[in-house]
*Asks:* 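Pasting a structure below so you can have a look.
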Amino acid sequence: MFSRRWGFGWDTYSELDLFTDRFDTSSETLSQAIRAAASEEPDADGSVLFGHLQGTVVGLRFYTGVVNQGEMVGLVRQPQNPYDRNAVMVSNIFGNQVGHIKRELAAAMAHVMDNNLAKVEGVVHSGTKNSFTMPVMLSFWGQEENKNAVIESLSRRGFKLNSGASKATGASQNSYNQGQGARAYSSKKGLTIPLTADELKNAFDNLFDGLMESKDGEKQAAESVGTPLLPHQKEALSWMCARENKSALPPFWEKRGELYYNILTCFSAKEIPERIRGGILADDMGLGKTLTTIALILTNFHKGKPLPVEKCGERSSPFKAKTKPDMASKLEGSSAGDEAAGSLSSDLPQVEVMDSEDVAVKSEESTSKGKRKATKRQPCKVLLEDLDFAAALGGSAADLGPKKKKNAKKATPTLSEESFISDSAEDLSARTTLILCPLSVISNWLEQFEQHVQADVKLNVYLYYGPERNRNKTFLSSQDVVITTYNVLSADFGNKSPLHGINWLRVVLDEGHVVRNPNAQISKAVLDLKAQRRWILSGTPIQNSVKDLWMLLAFLRLKPFDVKEWWNRVIQRPVTQGDRVGLQNLQTLVKSITLRRTKSSEINGRPLVSLPEKTVCVEQVELSQTEREEYELARNEGRNTIGRYVAEGTVLRNYADVLAILMRLRQHCCHPDLLAKTSSDLGAAATPAELRERLIEKLRLVLASGSDEECSVCLESVHLPVITHCAHVYCRPCIAQVISSEQEKSRCPLCRSEIKANELVEFPQEKMEEEKCANPDRWRSSSKVQALMGNLLRLRCEDSSIKCLVISQFTRFLTILETPLREQGFTFVRLDGTMSQKKRTQVIQEFQSSAADSPSIMLLSLKAGGVGLNLTAASHVYLMDPAWNPATEEQCIDRCHRLGQTRNIFVTKFIVKDSVEENMVKIQKQKQDLVDKAFGSTNTGRKTSRVDDIKALMEL
DNA sequence: ACCGCCGGGTGCC
DNA sequence: ACCGCCGGGTGCC
């Protein structure tokens with residue numbers, strides 16, 4: 001029999017057995033089979049239990065598959081079975097066949113399964129008494145609407161489904177009853193109370209928290225790592241090395257006597273289950289996942305030895321091309337549009353016959369003309385490197401080869417020989433680490449390799465990207481590192497992909513959470529890679545739900561969860577249905593393969609990353625007499641209006657008005673020119689023209705604010721903004737769709753007022769022009785501008801090398817600030833949301849530069865200063881106006897208060913005394929975001945507090 | 001003897 | 001193989 005040849009164990013054939021028909025001789029690959037099975041699989045969410053049925057498994061004596069008491073089994077249709085086209089095969093978790101479902105029952109099940117009316121799951125509760133048949137408890141799951149059809153179909157063939165209420169969902173129930181080894185399961189109290197939605201959400205949010213314990217100590221990085229690792233990075237490195245080298249049991253397995261037992265599925269095996277060589281490094285951004293990974297590549301080659309690298313000094317190489325062309329030019333021309341281009345370039349005809357000499361020549365050629373080459377790519381030294389490699393293993397080159405299984409020499413003294421996995425399981429010829437990442441971080445990887453690898457070490461890094469990429473497998477697998485994007489990988493996939501033909505030493509998914517949808521082409525391409533070790537780097541491994549985790553586990557090949565059925569049965573469904581044991585299991589699972597530290601984590605009682613000190617101070621700004629008068633005027637006007645709304649109880653209905661009033665006051669605090677020139681009162685509109693004028697005014701306020709106005713339909717920043725008669729702002733396409741999709745009257749998604757397509761008001765083009773050339777000749781100052789300029793001038797006197805961030809929510813305020821900055825001879829750059837990605841990168845590079853003539857100030861719009869920006873050149877931050885949400889401010893400050901910052905940080909917040917700004921700061925303390933409350937929930941309690949907030953803001 | 005009963009052969013789908 | 005089923009041997013008690 002086909003499968004027997006391979007013996008017993010976690011071999012890949014097991015899934016093959018599960019998903020391919022054993023009588024089908026066509027050579028379907030394992031991954032194709034898994035993919036096929038996965039895509040057909042109905043989503044487990046929303047499935048309900050139809051009921052249970054006791055069935056019989058027959059033919060046990062013909063198969064090797066063994067089942068323990070309480071073990072879950074898989075049921076697989078075999079339509080091609082020559083004896084019975086209704087056959088249903090029974091297999092254990094390994095995929096080993098156990099037997100068949102008895103003929104009559106199989107006929108009934110086949111109908112249900114083939115028509116996708118239900119999924120059938122099996123658990124063997126009681127052990128078999130003989131070696132020929134055994135009972136199996138079958139449970140039928142599916143969409144509610146199919147329930148009756150299933151019951152009827154079964155009863156037509158004489159099988160009655162027991163109500164689903166009494167029995168539990170599967171082996172998990174059984175396993176905690178079994179006690180021993182089931183640890184936490186025996187805490188029976190609370191088991192029956194399902195988790196509430198809130199508890200569940202909370203548990204998800206915290207799923208990756210508190211995973212920082214790593215008992216592997218701090219591993220010393222290889223000499224070739226040029227940057228000293230921080231303690232937490234050493235800890236991560238040793239954890240990663242241990243996960244790659246040590247043969248600890250995978251989660252949920254334990255040794256019981258001579259057998260290895262899975263406490264979740266109750267499967268047991270004589271042989272040690274293959275552990276996961278890899279895992280998830282889920283550290284927060286900025287903790288150095290990239291550096292740690294580079295250190296791993298250099299430190300942990302085969303058998304715990306460092307990667308054998310060539311030192312430039314030792315072998316004086318005439319090709320030593322250590323000069324670093326700048327990254328921009330390297331990636332030049334390789335825009336996102338090129339991503340698909342890989343499929344266009346045909347394979348080089350000589351691919352297979354190339355020997356190492358040819359590779360060398362070839363690569364040199366392409367280096368000279370190809371801009372996309374990694375900088376360190378050198379003429380290949382395949383043979384020499386193999387000698388190095390052999391030496392690293394402690395044997396001669398002749399020892400290399402699959403037949404030679406014996407250890408030539410002891411590995412590192414720190415780890416005992418048996419802690420490494422046996423040679424037979426490890427292909428020692430694999431050399432290369434493949435790094436997959438989104439296009440946007442490729443340059444980061446290249447930079448980091450440049451930066452963190454010892455200068456005299458020659459590491460072969462190849463950037464597999466662009467239409468002229470070298471698709472030669474021999475060439476690629478002789479590299480130390482190959483970097484490519486997910487898009488290139490998926491473009492190659494199924495198209496003689498060289499990446500899929502290589503047995504990688506290691507595959508690293510950077511920003512691994514981007515690979516989430518298992519049906520996506522990218523996911524399939526990723527799952528199909530062959531590798532000995534697999535890593536996922538991600539700051540946010542779960543984006544939305546538990547579902548996201550499956551892809552990660554499947555990539556890591558964490559048996560048995562890489563097969564979706566087992567994942568669904570054991571984890572996903574129990575957890576989504578609020579089962580506490582399921583959640584515990586999920587937590588255990590995640591914990592066993594993940595290392596996550598946050599910036600606030602501590603190591604040995606000390607913070608993970610010790611950033612320079614940050615001092616925050618508030619500078620009160622006194623308005624001038626004229627400013628004060630104008631402000632009080634506007635405030636009294638606003639107070640009257642809002643007071644009226646409060647008295648009428650219509651604050652929420654007029655929320656846009658309220659926000660507009662507040663906005664105006666906030667603008668008063670910054671600069672008078674931020675305000676509309678025509679101040680419109682907020683009474684009831686007398687004429688349609690007046691109403692229109694007023695709406696345009698409100699829209700102008702919203703747009704001019706530069707604050708994070710988002711469309712409540714698409715939840716993105718508003719694009720082609722329009723304002724409704726009820727004064728809510730949306731993207732035109734979004735609201736147009738809302739209107740057209742409603743049958744009769746369409747209503748505003750925010751306030752439920754009736755809205756009409758022809759009443760949507762957009763900002764008139766001529767006004768737009770006016771806005772742009774708003775009298776630059778008549779520039780005037782304001783108290784806040786003066787306050788800032790005073791600070792900047794003083795600072796320049798003290799230390800002209802200091803760089804500053806000047807942050808405002810109002811992009812127009814930034815514009816206003818440009819004039820005095822220029823007058824005082826400051827060099828500055830500006831970064832706001834309107835700039836293209838390319839322009840941003842350029843501006844950031846300029847600002848970060850330490851050149852003498854580099855800009856000393858960056859004008860930054862609050863919204864543009866979101867995550868990811870690295871502005872460590874700055875050490876002083878000026879927040880010109882308070883934000884509704886203090887977290888946004890923090891995020892902005894963190895752009896410079898992050899890894900790589902050497903100076904102490906000084907933050908100055910300008911707050912106008914006796915103004916709405918002061919009140920905003922008070923409200924900030926209740927950490928709820930006012931805007932969140934406005935648009936987020938319909939909860940009435942919250943709405944009340946929103947009104948309270950507004951009253952507090954206006955001192956009503 | 002067109003049954004019943006006994007005991008050996010046999011056995012998944 | 002401690003069952004069911006099949007089919008041949010057998011046949012008062």
Side-chain angles (χ1 to χ4, degrees), chain A residues 1-8 11 13-28 30 33-34 36-37 40-41 52-141 150 153-161 171 265-268 563 565-566:
Chain A
M1 193 164 304
F2 166 69
S3 63
R4 292 240 175 101
R5 264 188 284 138
W6 299 79
F8 188 73
D11 294 305
Y13 77 85
S14 36
E15 291 114 322
L16 197 78
D17 260 0
L18 243 184
F19 292 109
T20 57
D21 189 83
R22 58 203 301 102
F23 302 99
D24 181 4
T25 49
S26 75
S27 57
E28 191 184 28
L30 165 71
I34 287 181
E40 281 162 22
E41 174 140 3
H52 298 278
L53 187 58
Q54 175 87 21
T56 311
V57 186
V58 296
L60 301 187
R61 64 172 156 151
F62 298 101
Y63 308 101
T64 52
V66 184
V67 179
N68 290 303
Q69 191 155 340
E71 183 173 333
M72 304 191 305
V73 290
L75 301 160
V76 183
R77 278 281 290 120
Q78 278 185 335
Q80 303 302 318
N81 188 303
Y83 302 97
D84 181 1
R85 60 187 176 83
N86 290 325
V88 176
M89 179 188 103
V90 179
S91 74
N92 68 17
I93 300 250
F94 276 75
N96 293 341
Q97 182 163 10
V98 173
H100 280 101
I101 293 291
K102 220 166 144 49
R103 190 181 207 104
E104 299 78 9
L105 179 52
M109 285 169 63
H111 178 257
V112 166
M113 291 168 86
D114 293 349
N115 292 299
N116 245 328
L117 296 173
K119 265 185 64 61
V120 191
E121 301 180 351
V123 180
V124 178
H125 284 296
S126 52
T128 177
K129 289 282 187 287
N130 60 59
S131 49
F132 303 93
T133 68
M134 65 181 177
V136 59
M137 183 54 76
L138 303 170
S139 34
F140 290 71
W141 297 80
V150 170
S153 165
L154 290 173
S155 78
R156 254 205 315 275
R157 289 168 176 82
F159 296 97
K160 188 175 178 299
L161 219 46
T265 62
C266 300
F267 187 82
S268 70
V563 174
E565 180 184 349
W566 303 118

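These numbers come from a predicted model, not from an experiment.
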*Asks:* I'd like the C1' distance from C:dC6 over to C:dA1, given in whole Å.
*Replies:* 15 Å
*Asks:* Can you tell me the Watson-Crick or wobble partner of B:dA1, both distances under 3.5 angstrom?
*Replies:* none
*Asks:* Give the rounded distance in Å between these two atoms: CE of A:Met134 and P of C:dC2.
*Replies:* 20 Å
*Asks:* Tell me, yes or no, whether the heavy-atom count around A:Arg157 atom CZ, taken from other residues, nucleotides or ligands under 6.0 Å, exceeds 12.
*Replies:* yes
*Asks:* Rounded to the Å, how far apart are A:Ile101 CD1 and B:dC13 P?
*Replies:* 11 Å
*Asks:* CZ of A:Phe132 versus C1' of B:dC12: gap in Å, rounded?
*Replies:* 12 Å
*Asks:* Return yes if the base of B:dC13 and the side-chain atoms of A:Asp84 contain a donor-acceptor N/O pair under 3.5 Å, otherwise no.
*Replies:* no
*Asks:* Measure from NE2 on A:His100 to P on B:dC12 and round the result to the nearest Å.
*Replies:* 11 Å
*Asks:* When the distance from CZ of A:Phe62 to C1' of B:dC12 is rounded to whole Å, what number comes out?
*Replies:* 6 Å
*Asks:* Going by side-chain contact (heavy atoms from CB on, under 4.5 Å), A:His100 matches just one of A:Val88, A:Val57, A:Asn81. Which one?
*Replies:* A:Asn81
*Asks:* Check the distance between C:dC3's P and A:Leu60's CG and give it to me in whole angstrom.
*Replies:* 18 Å
*Asks:* Taking atom C1' in both B:dC3 and C:dC12, compute the distance separating them and give it to the nearest angstrom.
*Replies:* 15 Å
*Asks:* Measure the distance from CZ on A:Arg61 to P on C:dC3 and round it to the nearest whole Å.
*Replies:* 17 Å
*Asks:* As an exercise, state the distance from OH of A:Tyr83 to CZ of A:Arg103, rounded to the nearest 0.5 Å.
*Replies:* 11.0 Å
*Asks:* For the atom pair NZ (A:Lys102) and OG1 (A:Thr133), what is the distance rounded to the nearest 0.5 Å?
*Replies:* 8.0 Å
*Asks:* How long is the line joining CD of A:Glu104 and P of C:dG4, in whole Å?
*Replies:* 14 Å
